[in-house]
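Taking it in order: structure first as structure tokens, then the write-up.
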Protein chains: 2
Amino acid sequence: MNDKKQQLLKASIELFAAEGFWNTPTAKIARHAGVATGTLFNYFPSKDALINAVYVELKHEWREHVLAGYPEEADVKSRLEHIWFRNIDWGVNHFDHYSLTEQLRMADVLSDETIRHQNEELTFLYKVVCDGFDQAIFKEMDIDYFNRIVLAELDATVRYAVAFEIKDMALTKLIMTSIDILWNGIAR
Amino acid sequence: MNDKKQQLLKASIELFAAEGFWNTPTAKIARHAGVATGTLFNYFPSKDALINAVYVELKHEWREHVLAGYPEEADVKSRLEHIWFRNIDWGVNHFDHYSLTEQLRMADVLSDETIRHQNEELTFLYKVVCDGFDQAIFKEMDIDYFNRIVLAELDATVRYAVAFEIKDMALTKLIMTSIDILWNGIAR
DNA sequence: CCAATATTTGACTGATTAGTCAATCGCCAA
DNA sequence: TTGGCGATTGACTAATCAGTCAAATATTGG
């Protein structure tokens with residue numbers, strides 16, 4: 001990855017997170033990255049392409065963080081708890097990146113290519129959920145509905161923790177509570 | 001409420017729902033409502049004010065729908081289930097309005113006045129939740145966290161139902177499942 | 001029927017923005 | 001040193017849009 005391209009991505013993430021991507025002109029991004037407007041369009045054919053690249057970059061960061069120390073061979077509950085902990089940790093400690101990622105996902109700006117690329121990186125998630133269903137750990141429900149419920153609770157927990165500045169011991173306790181709520185809800 | 005004002009609100013809702021409110025020019029709204037650009041600004045001092053009025057209008061619709069047949073004197077679980085059913089019903093059958101409401105709530109475009117006005121209309125919600133805590137029906141947790149969890153699951157359920165076109169019997173079954181997941185999660 | 005008042009109109013303004021492109025720069029090979 | 005070439009520049013274009021305002025039109029009261 002080129003040096004200037006990386007700078008442009010970094011600048012985009014900072015500005016998008018601070019002011020929203022619709023309100024951030026390409027000229028401002030270029031200036032913030034220390035290059036000219038034209039240079040931005042050498043590396044990214046359009047603002048849309050830049051936005052997609054930003055999303056891929058953020059999701060990559062996220063994945064690295066969540067997968068650190070992932071107990072691939074452990075039982076379903078342990079794996080799910082690992083993902084849960086690490087996800088909330090990332091959401092709370094990099095909330096601007098977390099929030100921007102969600103915004104982009106919601107905003108209908110992601111290309112099919114980006115979505116496909118992302119799904120490929122999420123196979124580890126898919127695996128743990130399938131294992132849970134295979135082992136009849138979870139209640140009977142559609143896997144897509146299951147995913148939505150899990151992600152929704154995760155998101156609610158992160159945003160609550162950030163909104164009320166829950167930290168340290170209190171955060172650990174909150175995460176415990178959230179896992180309890182989730183597990184009681186979805187497990188047989 | 002004035003006739004033209006109502007037309008403008010209606011046109012705004014239709015266009016915002018179809019194309020997003022950032023992508024809808026005021027001129028287009030006015031044309032769609034059958035008035036001139038200038039007229040829009042007679043009734044709403046700015047596009048922001050119009051957006052806020054749209055939100056208030058949608059929330060009003062929502063409240064009417066959710067409160068229809070509300071068993072004010074029933075026990076906590078019955079009241080919560082009523083709200084749950086009616087909310088999903090509204091979300092599924094008026095998804096464009098539902099989705100627009102959520103978009104507006106997320107997008108940081110609502111004035112303090114609008115938010116205050118909305119909270120006043122939500123006392124019935126506040127009451128049932130407080131009753132639940134007073135009667136020690138729910139697990140011990142912060143009321144704000146509780147609210148977020150409930151709304152998150154509700155939203156996940158609506159979006160899943162719409163995405164997979166769940167209807168009639170299947171929808172009723174989904175709602176049952178969702179209540180089960182919620183209740184097992186939050187109740188003692 | 002007229003005058004006064006209120007409402008409506010839409011061309012216009014000023015500001016903003018994604019994307020272009022001819023000119024310039026800087027690097028390297030001959 | 002020089003010629004060539006890809007990378008970089010930023011002034012510029014064409015388009016878009018929120019909001020204005022003077023003129024036109026409708027409404028109301030006497």
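Letters A, B, ... are given to chains in the order of the sequence lines, protein chains preceding strands, and every chain is numbered from 1.
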May I ask you to evaluate whether [X] reaches the phosphate of [N], defined as a side-chain N or O under 4.0 Å from OP1 or OP2?
X: Thr37(B); N: dG10(C); result: no
X: Lys4(B); N: dT8(C); result: yes
X: Lys47(A); N: dT17(C); result: no
X: Tyr43(A); N: dA7(D); result: no
X: Thr26(B); N: dC17(D); result: no

Closest contact, heavy atoms only, Thr39(A) versus Lys4(A):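 Taking every non-hydrogen atom into account, CG2-CD, 4.1 Å.
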Of Asn42(A) and Asn23(A), whose nearest nucleotide on DNA chain C comes first from the 5' end?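 Nearest nucleotide further toward 5': that of Asn23(A).
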Can you tell me how far [atom2] of [N] sits from [atom1] of [X], to the nearest Å?
X: Asp48(A); N: dT17(C); atom1: CG; atom2: P; value: 16 Å
X: Glu19(B); N: dC17(D); atom1: CD; atom2: P; value: 10 Å
X: Lys28(A); N: dG10(D); atom1: NZ; atom2: P; value: 18 Å
X: Leu40(A); N: dA7(D); atom1: CG; atom2: P; value: 16 Å
X: Leu50(A); N: dT17(C); atom1: CG; atom2: P; value: 15 Å
X: Phe21(A); N: dA18(C); atom1: CZ; atom2: P; value: 12 Å
X: Trp22(B); N: dA18(D); atom1: CH2; atom2: C1'; value: 11 Å
X: Ile29(A); N: dG10(D); atom1: CD1; atom2: C1'; value: 17 Å

Using the six-membered ring of Phe133(B), assess whether NZ or CZ of Lys139(B) lies under 6.0 Å from its centre and within 45 degrees of the ring axis.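 Judged by the rule, Lys139(B) and Phe133(B) form no cation-pi pair.
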Between His65(A) and Trp90(A), what is the ring plane arrangement, given parallel below 30°, perpendicular above 60°, and tilted in between?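 Correct class here is tilted.
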Between Arg79(B) and Asp75(B), does at least one N-O distance fall below 4.0 Å, as a salt bridge requires?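 No, Arg79(B) and Asp75(B) are not salt-bridged.
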Donor-acceptor side-chain pairing of Asn147(B) and Tyr160(A) below 3.5 angstrom: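 No donor-acceptor contact under 3.5 Å links the two side chains.
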Within the structure shown, what part of the strands sits under 4.0 Å from Phe44(A) by heavy-atom distance: base, sugar-phosphate, or nothing?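 The residue Phe44(A) makes no contact with any strand.
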